[in-house]
Amino acid sequence: MVTERPDRQPKNLLIHGGHIIDPSQGVDAIGDLLISDGKIGWLSTDGTVSLPESCQVLDARGMVVCPGFVDIHCHLRQPGFEEKETIATGTRAAAKGGFTTVCCMPNTDPPIDSGATAEYIKSLAESEGVVRVLPVGCVSKGRAGSELADFGELSTSGVIAFSDDGSPVADSSLMRRALEYSRDSGLPIIDHCEDLILSQGGVMNEGSVATRLGLKGIPAAAEERMVARDIELARSTGGRLHIAHVSTAGSVDLIRRARGEGVSVTAEVTPHHLTLTEEMVAGYNTNAKVNPPLRTAQDIAALIIGLKEGVIDAIATDHAPHTAEDKMADFLQAAFGISGLETALGGLMELVHQGKLNLVTLISKLTYEPALFLRRTDLGTLKPGAPADVTIFDPEAEWVANPDEFASKGKNTPLAGSLLKGKVMITIYGGQLSYKDDAIKLETKRYATRSEA
Ligand SMILES: [Zn+2]
């Protein structure tokens, strides 16, 4: 009996006539891509195609076709904070944002400091998620900052890195031991760099805007002091250090110098730190309250240079969903964080439209380079045989960010009401449609098996 395959699971899908950008292979050309049985079948940019007898066809003319985005830093909140987000809602938000792989931070309740919790998250992701979820394990037991978590058990259960994100590893001796382990295991230590004494009581960037608003600032030095410490520890241990959400020009300089000296340090930057300044806080907008805080235009310029030079490897969302109550408090009390998965591309495309970043570099920082960080040659690529993780977006489509339409439970975005240019239309994870914009139609076509030139 022949049954119609559900729309979600096309056996063969031909993505026709799109602008294919795959930095892992140096591809940047108009072409066709065939997805077959959940894997990339072939990619053609010279007009030579070998079509299956029957396949669904997506007309991708005018659209960019690239590897599914890889987010190495987000918060899915489950277990423990299901009122903010769950794996089901967070992965749907990821898919809507074009992400097919997300690495979730361990500041859950219980935190991911045991193999059992890591396994639990993986099984939840398997049953309820619509994209790949790779958990990050804690550096310290209970994220308490005093005793090293069981790295051996966590590695066995498949965590891809260790971090106490949300908090720094304040104890230098603990950080040193964590880096020693990373040298032997190859799994990076991701540090949220913040000197808690320097940042104490701060709610936004330290500077003239904070003064004007009468708010206590978080100085750039609070981040840079910790970046400098971590670099010294990575240098002396030979460990693998990754700096989370770099936000200041000074941090970019420190990382650049360290890399030049051969220290094993990688770094990420968020879409909001690349596109928004501290001025967003004016009016005491709690949706612009984030840690590290939004900085200055000079910092943004330095972060963009860092991306272009390769000093910063990846763009990571630091998606941090919160409830309306968490954000409705006054500015001092409100939670830190931005719900970022669904606006990432639209926000970042502004840099491309303004000529500040080229499209290939942007896509590289969302696909190939974060996959390199994960040492996963099967991710962030459209190479034949790789899992069919594909994102298709319209670089020119304009849309207004409306948190009420978010798949995420976190409606906390400073971009609410903003006009964005660049919209994800389809996200394919392992050959299945994880997200499809209503405007997109797939049609089934039958071909006699043949080659076309
Ligand atoms: Zn953080």
Side-chain angles (χ1 to χ4, degrees), residues 71-77 80-81 84-85 90 102-109 111-113 134-140 143-145 149 159-171 174-175 178 188-200 202-205 218-227 229-230 241-248 251-252 255 265-274 276 287-295 299 303 312-322 326-327 334-341 344 370 373 410 412-414:
D71 186 4
I72 58 176
H73 186 151
C74 76
H75 298 269
L76 298 180
R77 305 298 193 200
F81 303 100
K84 295 177 193 277
E85 194 78 290
V102 294
C103 302
C104 61
M105 285 294 164
N107 58 340
T108 48
D109 186 18
I112 312 175
D113 66 352
L134 304 175
V136 175
C138 292
V139 167
S140 66
R143 294 181 66 249
V159 304
I160 52 90
F162 300 98
S163 182
D164 274 356
D165 182 56
S167 310
V169 180
D171 180 331
L174 194 73
M175 185 63 180
I189 308 299
I190 303 175
D191 203 15
H192 162 122
C193 289
E194 177 182 358
D195 180 318
L196 295 171
I197 294 171
L198 281 174
S199 67
Q200 198 173 34
V203 290
M204 67 169 295
N205 184 45
I218 299 173
E223 175 171 310
E224 292 154 8
R225 206 189 88 86
M226 201 61 108
V227 170
R229 180 206 71 173
D230 284 356
L241 170 67
H242 179 80
I243 309 291
H245 40 58
V246 172
S247 74
T248 77
S251 295
V252 177
I255 298 163
V265 52
T266 51
E268 73 193 29
V269 60
T270 70
H272 48 271
H273 288 112
L274 284 170
L276 305 175
N287 285 326
K289 182 179 176 184
V290 62
N291 189 16
L294 300 176
R295 304 283 188 183
D299 292 304
L303 291 165
I312 298 174
D313 304 79
I315 298 174
T317 66
D318 193 13
H319 174 71
H322 286 295
D326 296 331
K327 282 291 191 180
F336 287 101
I338 291 175
S339 177
L341 284 167
F373 166 76
N412 47 303
T413 171

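Ligands are counted one by one from 1 in listed order, and the atoms in each one are counted from 1 as well.
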Distance only, no hydrogens: is a donor on one side chain within 3.5 Å (strictly under) of an acceptor on the other, for [X] and [Y]?
X: Thr317; Y: Asp71; result: yes
X: Asn107; Y: His75; result: yes
X: His245; Y: Asn291; result: no
X: His242; Y: Thr266; result: yes

Looking at the Zn ion (ligand 1), is one of the N, O or S atoms of His73 less than 2.8 Å from it? no

Do any of the N, O or S atoms of Glu194 sit under 2.8 Å from the Zn ion (ligand 1)? no

Provide the atom name of the closest N, O or S atom of His245 relative to the Zn ion (ligand 1). NE2

Angle at the Zn ion (ligand 1): provide the value between ND1 of His192 and OD1 of Asp165, rounding to 10 degrees. 100°

